[in-house]
Amino acid sequence: MPSNDARTLLQTAVPTAAAGAVAAAISGGVAGGKGALGAVVGTLVVILFMGIGLVVLQRTARSLPHLFQAMGLMLYTAQLLLLFIFVAAFKNTTVFNPKSFAITLVAATLVWIGAQARAHMKAKILYVEPESDKSEKPENAGSKS
């Protein structure tokens, strides 16, 4: 994975994990151990889904740049649908608190998206290929000899 991609992944995963730790502490205080477990599971699901999506999107940008925007829209739609499916699948679970799980899932997703937007804004990625060293200086077109 190129350094820019790894840096972006790190700059998005760390704030999301921190938000998950805060959510786990709050959920643990409000709903006990099952609430903390639900927050941890929700955070892990977001980091896993969004991390895989980010890697797929970056590889698509490199190999098929003309499909980048459409792939991004499709990917985010699919991720949100999968997150809703996870909330629906675990709404009646007794392993962890489903409310803590759902609230943490939404909060961690928002933190991930915000951190990803910030990481892309701060990244200094060239979008124009620099000229090679062999290029010659242009001659003055209007100069008199």
Side-chain angles (χ1 to χ4, degrees), residues 1-139 141:
M1 180 180 282
S3 64
N4 284 336
D5 298 347
R7 189 176 307 120
T8 300
L9 188 60
L10 184 67
Q11 289 175 347
T12 53
V14 170
T16 305
V22 170
I26 292 171
S27 296
V30 172
K34 288 189 176 189
L37 182 61
V40 169
V41 171
T43 303
L44 291 176
V45 166
V46 168
I47 290 174
L48 180 70
F49 279 13
M50 297 298 202
I52 290 171
L54 182 63
V55 170
V56 167
L57 194 59
Q58 288 170 341
R59 288 188 184 203
T60 301
R62 248 186 255 90
S63 61
L64 302 166
H66 59 283
L67 293 179
F68 178 69
Q69 186 175 17
M71 182 70 170
L73 291 172
M74 189 272 313
L75 183 70
Y76 285 124
T77 303
Q79 285 174 335
L80 290 176
L81 287 174
L82 282 172
L83 291 176
F84 283 129
I85 289 170
F86 261 77
V87 170
F90 291 111
K91 74 178 178 180
N92 293 323
T93 187
T94 58
V95 176
F96 52 80
N97 187 325
K99 285 186 180 182
S100 297
F101 172 73
I103 291 170
T104 303
L105 202 67
V106 171
T109 301
L110 292 174
V111 168
W112 180 281
I113 291 170
Q116 186 175 1
R118 183 179 184 275
H120 282 295
M121 285 174 31
K122 294 192 113 352
K124 304 226 184 312
I125 300 172
L126 296 175
Y127 57 91
V128 176
E129 293 291 326
E131 292 183 24
S132 65
D133 293 339
K134 297 178 184 177
S135 66
E136 298 175 11
K137 294 183 181 180
E139 296 180 20

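Start at 1 with the first residue, then count along the sequence.
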Nearest-0.5 Å distance that lies between atom OG1 in T60 and atom NE2 in H66: 10.5 Å

Side chain to side chain contact (heavy atoms under 4.5 Å, CB included) against I52, all qualifying residues, sequence neighbours excluded: L48, V56

Side chains of residues 32-43: which donor-acceptor pairs under 3.5 Å do they make with residues two or more places apart or in other chains?
| from | atom 1 | to | atom 2 | distance (Å) |
| --- | --- | --- | --- | --- |
| K34 | NZ | T94 | O | 2.8 |
| T43 | OG1 | A39 | O | 2.9 |

Tell me every residue that passes side chain to side chain contact (heavy atoms under 4.5 Å, CB included) with A31, counting only those two or more places apart in sequence or in another chain. N97, S100

Between the CD1 atom in I85 and the CG atom in L80, the distance rounded to the nearest 0.5 Å is 11.0 Å

Tell me which pairs pass ring pair (Phe, Tyr, Trp, His ring centres under 6.0 Å) where either residue lies in residues 6-28, with sequence neighbours left out. none

For A13, all residues meeting side chain to side chain contact (heavy atoms under 4.5 Å, CB included), sequence neighbours excluded: W112

What are the two closest non-hydrogen atoms of A19 and V111, and how far apart are they? CB-CG2, 3.8 Å

Listing request: all ring pair (Phe, Tyr, Trp, His ring centres under 6.0 Å) pairs with a residue in residues 7-34, at least two apart in sequence or in separate chains. none

Taking side chain to side chain donor-acceptor pair (under 3.5 Å) as the cut-off, I'd like each qualifying pair that reaches into residues 10-26, sequence neighbours left out, listed once. none

Nearest 0.5 Å, please: how far is CZ in R118 from OG1 in T8? 12.0 Å

Which residue pairs satisfy the side chain to side chain donor-acceptor pair (under 3.5 Å) criterion with at least one member in residues 71-91, sequence neighbours excluded? Y76-Q116

Tell me every residue that passes side chain to side chain contact (heavy atoms under 4.5 Å, CB included) with V14, counting only those two or more places apart in sequence or in another chain. L10

Residues at least two apart in sequence or cross-chain that pass ring-ring contact (aromatic ring centres under 6.0 Å, His included) with F96, listed by chain then number, are F90, F101

Selection residues 27-65 - residue pairs positive for ring pair (Phe, Tyr, Trp, His ring centres under 6.0 Å), sequence neighbours left out: F49-F86

Measure the spacing between CG of L57 and CE of M50 and express it to the nearest 0.5 Å. 11.5 Å

Contacts satisfying ring pair (Phe, Tyr, Trp, His ring centres under 6.0 Å) that involve residues 10-42 (not counting sequence neighbours) are none

